[in-house]
Every structure is written in structure tokens, then in C-alpha cells.
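Report on the following structure.
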Amino acid sequence: MADTIADTRRLFTKPQNLNDAYGPPSNFLEIDTNLPIFKLKESCVRRRYSDFEWLRAELERESKVVVPPLPGKALIRQLPFRGDDGIFDDSFIEERRQGLEQFLNKVAGHPLAQNERCLHMFLQEESVDKNYTPSKVRQA
């Protein structure tokens, strides 16, 4: 039997500059909040996957909405020695973006979810205050 040699090469991630880190993302979600209950008709916010997990948990806890699942975690893609770009792979990023966009459109389109403060904060406020007081949003 031939000896096998372990592949000990490091994963090389794409170099990131300040514009990449703090500039607008190249692939992002868009959702139009053209419903009267949303105070802003347009907003631009940055969210991490963990923020989506938080939103899902809050909606499950605070509303009577059956919340759709999020696209799966990328645990296997984070393993070393895969021979691809892992979580930085363009096809993975696009697949996840589409899954998150579908999740967000379903949630934002649900009449009961639209009244939840966590959804409004998630969609329209600069940062997510995870210590907020859950409440319903009242139409003006």
C-alpha cells in the first residue's frame, strides 16, 4: 500500500482591503418595503448570517408566524484542505444570498410578521439592538 502524504497547505483567502471590508458588498440582497406599515420606503443595511439567525429566533418566539428555515450553515465549507475557496467560493456566496433573499421576502410578506418590531429593526435600522424590547409596530 502506498504511503499517503497529508495535504498541509493553508487555505488562501482572497486578500481584503478597506473598501472590501467597509464598502458596499458586491452581491447583496434587495427587498422593497412598499407596504404602509414600514416607515422607510428605502433602506440599506448590512447584516451577517448570525443576524438572520437572530431575526428567525425572535419571530419564532414573539409571533404566531411559521418562520421558514434559513439556508444551512457552512460548517463543511470551513474545513481546511478542501481544494476550493470554501465560504469564499462565488457559487456558494450566490447560493446563500438567494436563500437569504427568499427567507426575507417570505417573512416580510407575512401580514403577522410585518407587525413585529424585530423585523422593522432588521430591515431599516443601521444596527440590530439584540437587547430591544419586543413589541408590535403600530401603523401611523
Side-chain angles (χ1 to χ4, degrees):
M1 190 168 224
D3 291 333
T4 58
I5 299 173
D7 185 357
T8 58
R9 293 176 292 161
R10 288 179 127 345
L11 286 178
F12 292 102
T13 59
K14 297 175 184 173
Q16 189 178 50
N17 60 33
L18 286 176
N19 189 41
D20 293 337
Y22 297 104
S26 58
N27 33 1
F28 56 93
L29 307 181
E30 275 189 43
I31 183 167
D32 292 327
T33 54
N34 57 358
L35 300 166
I37 195 160
F38 291 101
K39 66 180 179 180
L40 300 175
K41 298 305 170 212
E42 289 185 20
S43 62
C44 180
V45 295
R46 293 185 76 159
R47 299 290 182 250
R48 299 182 57 87
Y49 186 83
S50 59
D51 295 326
F52 281 86
E53 290 177 314
W54 171 84
L55 174 64
R56 187 174 191 283
E58 286 300 298
L59 289 170
E60 282 185 330
R61 184 170 62 93
E62 293 299 324
S63 70
K64 294 181 167 101
V65 176
V66 175
V67 184
L70 288 168
K73 291 284 256 183
L75 298 176
I76 293 175
R77 285 196 165 271
Q78 295 176 23
L79 295 174
F81 319 120
R82 287 182 42 92
D84 64 8
D85 288 333
I87 61 172
F88 300 104
D89 184 68
D90 289 338
S91 63
F92 169 72
I93 291 170
E94 179 57 21
E95 184 180 311
R96 174 168 277 182
R97 186 199 65 75
Q98 287 177 2
L100 293 173
E101 188 169 26
Q102 288 174 352
F103 166 80
L104 211 46
N105 281 319
K106 286 178 184 176
V107 167
H110 195 288
L112 293 177
Q114 291 170 2
N115 294 317
E116 296 298 330
R117 184 165 178 251
C118 59
L119 178 62
H120 287 250
M121 181 173 34
F122 184 88
L123 291 175
Q124 300 190 319
E125 293 183 18
E126 185 68 28
S127 62
V128 174
D129 176 11
K130 295 183 179 177
N131 296 316
Y132 83 113
T133 303
S135 64
K136 303 289 184 212
V137 174
R138 307 273 184 240
Q139 267 188 309

Shortest non-hydrogen contact from A108 toward L119: CA-CD2, 3.9 Å
Heavy-atom closest pair, residues L59 and A113: CD2-CB, 4.3 Å
NZ/K130: more than 12 non-hydrogen atoms of other groups inside 6.0 Å: yes
R117 to Y132 six-membered ring, cation-pi geometry met (6.0 Å, 45°): no
Closest heavy-atom pair and its distance - V45, E125: CG1-O, 3.2 Å
Note, V107 side chain near F122 side chain (heavy atom, < 4.5 Å): no
side-chain contact (heavy atoms from CB on, under 4.5 Å) assessment of L55 paired with L104: CA-CA 10 Å; L55 174 64; L104 211 46; 4.1 Å; yes
Electrostatic pair R56-E53, nearest N-O below 4.0 angstrom: no
Side-chain (H120) to main-chain (Q114) donor-acceptor, under 3.5 angstrom: yes
Which atom of S63 lies closest to which atom of E116, heavy atoms considered: CB-OE2, 3.5 Å
R48 atom CZ: more than 12 heavy-atom contacts under 6.0 Å: no
For the student: nearest non-hydrogen atoms of P134 and E58, plus distance: CG-OE1, 4.3 Å
Aromatic F52 / basic R47 pairing, under 6.0 angstrom, 45° off normal: no
Spacing of K136 atom NZ and L112 atom CG [to the nearest 0.5 Å]: 7.5 Å
Contact summary for W54 and C118, nearest pair of heavy atoms: CH2-CB, 3.7 Å
Over 12 foreign heavy atoms within 6.0 Å of NZ, K39: no
Side chain Q124, main chain L40, donor-acceptor under 3.5 Å: yes
Check: L123 main-chain N/O paired with S43 side-chain donor or acceptor under 3.5 Å: yes
Straight-line distance of Q102 CD to R97 CZ, nearest 0.5 Å: 9.5 Å
F38 side chain near V137 side chain, heavy-atom distance below 4.5 Å: no
